[in-house]
Amino acid sequence: MHEEFPTDSPAVVTCGLPYANGDLHVGHLRTYVSGDAYSRALERLGQSVAFVCGSDMHGTPIAVNAAEEGVDPETFALEYHEQYEETFPKFNVEFDNYGHTHDATNTEMTRSFVRSWIDNDHVFEKEIEVAWDAETDQPLPDRFVEGTCPYCGETARGDECDDGCQRHLEPGEIEAPVSTITGNPAEYRTRPHKFLRLSDLQEYLQGFIDRLEGTDNAKNQPREWIEGELQDLCITRDMDWGIDYPSEGAAAGEGGDDLVLYVWVDAPIEYVSSTKQYSERVGSDEYDWEAVWKDHSDPDSEVPEGGEILHVIGHDIIQHHTVFWPAMLRGAGFNEPRAVMACGFVNLDGEAFSTSRNRAVWADDYVESGLDPDLYRYHIVTGSEFTADVDFSWDGLQERVNNELVGTLGNFLYRSLLFAERNYDGTPETGTSETVEGEIEAAIEAFQEAVDAYRVRGLGRAPVELAKFGNEYIQRHEPWKLTDDDPEKAAQVIRDCVQLSKAIAVLMEPVLPGKADALWTQLGEPGSVGDVGLEAALSSPPDEFGEPEELFEKIEDDRVDELNRQLAERVEAAGGDGEDGPNGETDGPNGETDGPNGETDGPNGETDGSKDGADVPDIEPITDDRVGFEEFKHLDLRVAEVLSAESIEGADKLAKLEVDVGVETRQIVAGIKQLHDLESLPGTRIVIVANLEKSELFGVESNGMLLAAGEEADLLTTHGDSAPGTKIQ
RNA sequence: AGCGGGAUGGGAUAGCCAGGAGAUUCCGCCGGGCUCAUAACCCGGAGAUCGGACGUUCAAAUCGUCCUCCCGCUACCA
């Protein structure tokens with residue numbers, strides 16, 4: 001359906017926006033390194049490409065954290081923005097443009113998107129119930145409220161059930177809301193909000209998903225959502241921090257209604273804005289953002305046309321990029337993504353990162369280690385397939401570097417170029433053999449295939465495979481023996497090796513850009529290898545070059561020991577006393593900090609001391625909300641006798657009980673596993689709600705509910721010896 | 001139980017979508033070679049019923065069905 005790369009259209013590669021709310025760690029960097037490598041690979045193929053990104057500045061987590069620190073959200077977010085901007089180049093991640101969602105370009109671009117939706121009649125207003133803090137008299141959007149998820153019953157944030165079922169929650173959905181500002185129960189108030197009518201675009205999205213390229217997870221996962229009924233997206237929030245909703249009544253640019261746009265509206269639009277900034281800087285002759293992003297198809301066409309839009313993200317935000325985002329683009333008359341590449345998590349020594357336990361290797365840790373950024377890049381890109389999880393560890397890094405980069409790649413380059421320089425002052429005067437030329441062509445082919453299949457790992461493998469061939473080749477021909485016996489043959493072999501070295505420089509550029517440039521210079525080539533295409537892999541190297549240097553150095557054992565020790569000490573320090581939140585937060589696995597999802601806060605978390613006090617059990621006030629006697633009578637409470645109790649495999653708390661309720665034997669599930677000795681339960685009289693709706697937990701049917709008091713689940717029983725089945729009234 | 005990811009020589013991984021001689025790469029083990037090279041590199045070897053069972057096929061690691069086990073997330077009706 002789509003043409004192979006390179007195409008005549010300009011391309012844009014984007015990475016999920018880092019959320020300006022915390023430090024970056026080596027897990028986050030997987031996306032940025034991969035995007036950078038992929039973008040560089042497209043350039044090697046001759047594709048015109050812009051690589052853009054920006055910081056995500058809005059949303060409630062930033063507003064909440066800024067408020068905690070007593071600074072305004074803009075100052076707070078800008079600080080992280082600047083930090084990110086400085087960090088990326090340290091990993092050779094070089095965006096053509098790096099903006100942020102709060103800048104003038106994105107503010108205006110976002111408003112123009114919204115105006116287009118309004119003009120195209122995709123927006124409607126609806127009164128909805130939103131959480132409200134009565135004490136401070138303010139609305140409580142998204143993370144300003146916590147409560148119970150209506151789908152799974154877990155504690156959830158206002159916009160996302162982060163601990164539970166991971167669902168996106170629309171405003172007003174959360175149950176038993178509590179203000180995170182005052183800790184008071186929140187009220188619901190009716191407020192008018194704006195919605196993007198996704199149902200208008202359902203048919204379009206179904207076609208879109210069939211056209212979408214990229215990794216399998218990104219292509220398959222959204223089908224479930226798109227084929228179901230799409231819920232309209234609430235695009236506004238009652239808060240100050242964000243981009244004002246462009247009110248129809250007010251003058252252009254003026255905000256209205258005290259509403260700002262939901263952070264997931266302006267965040268992806270930054271992809272467009274950032275491209276525009278790049279375009280404006282280099283000139284539209286060089287790169288035209290509108291050619292990429294605008295829809296250039298016929299007005300009636302069902303398929304938009306434009307440039308090649310490629311999104312590199314973590315797989316926690318697939319839904320936003322394959323459902324909401326294309327709908328947003330389509331609704332505003334824009335082009336659609338060609339591919340979404342979603343990567344897996346990064347684990348640390350086989351376990352998930354845990355920022356709250358400080359069990360993480362931060363970007364700064366790596367920078368301070370003094371190790372070359374290309375080593376990290378190689379390790380993370382080739383450590384597993386892109387969609388699979390990948391493990392980061394200092395030991396793993398050492399093994400890969402010492403064996404593959406030093407032993408295979410570096411060694412081949414060094415021995416070849418040194419031999420060439422000593423014996424021929426550079427490139428021997430003869431042509432490349434057919435064998436070697438064929439080998440290089442095959443490597444180029446493999447590289448091209450990796451790009452077309454969106455397999456970043458293949459980009460890193462290609463140069464190492466070629467070096468491996470080189471080592472075999474040089475060993476097989478032993479030119480050091482031939483210099484006297486057959487000088488012509490020796491020159492031929494070394495000429496081949498120099499050509500292989502040059503090809504390796506070109507092929508390794510995407511993943512190992514710094515090292516590739518160093519090699520390029522050693523070869524006596526002018527300029528940067530980043531300026532040449534793949535065809536340079538087969539063109540003649542300069543006649544002369546100087547003595548080469550070792551491109552990679554081994555990582556010594558004591559270095560690794562030291563790095564491991566530092567990490568262990570830090571985990572120890574953080575874990576020893578620094579009480580986690582009750583749930584011991586792990587970071588959104590791979591750390592796509594993009595958007596408000598996938599974010600977890602730092603140590604301060606969301607338990608504020610007053611709530612988890614096990615010490616002074618506050619007696620819950622008795623509710624004023626009276627029920628009538630009739631209503632009470634609806635409950636059918638019965639005495640029951642426990643016949644058996646067994647643990648439910650896999651559940652922390654649940655036990656399966658068989659109880660005798662006189663007329664029959666019931667099976668019920670109760671969350672008492674840790675609180676009672678199950679073996680001692682049979683024979684115990686308990687009280688159950690006999691007419692509770694049946695449900696299934698862990699695949700076990702629960703037909704009724706056991707009653708118990710308080711946190712310790714003190715079982716309700718009878719004072720006398722009422723028979724099982726006796727009704728309680 | 002649901003969703004997702006796995007199960008491939010001692011460890012870690014590729015191959016599976018587009019079936020074709022039992023399979024990649026890295027480490028480890030055994031033996032040999034080379035000495036241009038960063039104690040590097042090259043060659044050879046031991047070692048596997050490609051989790052299990054059916055099925056489709058001339059042909060299955062690869063496709064289908066069922067099953068077992070592992071991991072992650074979810075579900076924990078107090």
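What you see below is based on every heavy atom in this structure, not just the backbone, and it leaves out hydrogens, waters and symmetry mates. It should be emphasised that the depicted structure is a prediction, and the values quoted were computed from it without experimental measurement.
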Colleague: Using salt bridge (Lys or Arg N to Asp or Glu O under 4.0 Å) as the criterion, list what pairs up with A:Glu449, not counting sequence neighbours.
Modeller: none
Colleague: For side-chain hydrogen bond (donor to acceptor under 3.5 Å, both in side chains), just list the numbers for A:Gln475 and A:Asn471, CA-CA rounded to whole Å, side-chain angles, deciding distance to a tenth of an Å, and then say yes or no.
Modeller: CA-CA 6 Å; A:Gln475 188 70 37; A:Asn471 275 324; over 6 Å; no
Colleague: Going by heavy atoms closer than 4.0 Å, what residues in residues 514-523 of chain A are next to RNA chain B?
Modeller: none
Colleague: Using the C1' atom on both, measure B:G47 against B:G11 and round to a whole Å.
Modeller: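 Approximately 13 Å lies between the C1' atom of B:G47 and that of B:G11.
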Colleague: Phosphate oxygens OP1/OP2 of B:C41: is one of them under 4.0 Å from a side-chain N or O of A:Asn411?
Modeller: no
Colleague: If you measure from the P atom in B:C67 to the same atom in B:U74, how many Å do you get, rounded?
Modeller: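 Those two atoms are separated by 26 Å.
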Colleague: Side chain of A:Lys468, heavy atoms from C-beta onward: which of B:C36, B:U25, B:C41 has the nearest atom to it?
Modeller: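 The answer is B:U25, which lies nearest to the side chain.
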Colleague: Which nucleotide wins on minimum distance to the side chain of A:Glu478, given the candidates B:U38, B:C34, B:C26?
Modeller: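 Nearest nucleotide to the side chain: B:C34.
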Colleague: For the side chain of A:Trp480, counting heavy atoms from C-beta on, which of B:C36, B:C42, B:C27 is nearest?
Modeller: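 Of all the options, the side chain of A:Trp480 is nearest to B:C36.
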Colleague: How far does CD of A:Gln499 sit from OG of A:Ser433, to the nearest 0.5 angstrom?
Modeller: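 Reported value, rounded in 0.5 Å steps: 9.5 Å.
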Colleague: Quick one: which of B:U25, B:C42, B:C27 gets closest to the side chain of A:Glu472?
Modeller: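 Among the listed nucleotides, the one closest to the side chain of A:Glu472 is B:C42.
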Colleague: Does a side-chain N-to-carboxylate-O contact under 4.0 Å join A:Lys489 and A:Glu478?
Modeller: no
Colleague: Evaluate side-chain hydrogen bond (donor to acceptor under 3.5 Å, both in side chains) for A:Glu404 paired with A:Tyr378, printing each intermediate quantity in order.
Modeller: CA-CA 10 Å; A:Glu404 295 171 35; A:Tyr378 180 76; 2.6 Å; yes
Colleague: Can you identify which nucleotide, out of B:U25, B:C36, B:C34, has its nearest atom closest to the A:Arg422 side chain?
Modeller: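 Nearest nucleotide to the side chain: B:C36.
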Colleague: Please report, rounded to the nearest Å, how far the P atom of B:C41 is from the CD atom of A:Gln475.
Modeller: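 It is 11 Å, rounded to the nearest whole Å.
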Colleague: Report, as a single string ordered 5' to 3', how protein heavy atoms within less than 4.0 Å touch nucleotides 12-17 of chain B: B base, S sugar-phosphate only, - not at all.
Modeller: -SSS--
Colleague: Could you tell me how far B:C73 sits from B:U65 if I compare only their P atoms? Round to whole Å.
Modeller: 28 Å
Colleague: If I pick the C1' atom on B:A61 and the same atom on B:G72, what distance separates them, to the nearest angstrom?
Modeller: 25 Å
Colleague: Side chain of A:Met705 only, heavy atoms from C-beta on: which candidate in B:C77, B:C41, B:C27 is closest?
Modeller: B:C77
Colleague: Sort out the partner of B:U65 for me: Watson-Crick or G-U wobble, both distances under 3.5 Å, none otherwise.
Modeller: B:A53
Colleague: Between B:C34 and B:A39, how far is it from one C1' atom to the other, in whole Å?
Modeller: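 14 Å, rounded to whole Å.
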Colleague: side-chain contact (heavy atoms from CB on, under 4.5 Å), that's the test. Do A:Val390 and A:His379 meet it? Break it down for me.
Modeller: CA-CA 9 Å; A:Val390 63; A:His379 179 44; 6.0 Å; no
Colleague: Considering only heavy atoms from C-beta outward, does the side chain of A:Asp374 approach that of A:Val511 to under 4.5 Å?
Modeller: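 A side-chain contact is absent here, since even the closest heavy-atom pair is not under 4.5 Å.
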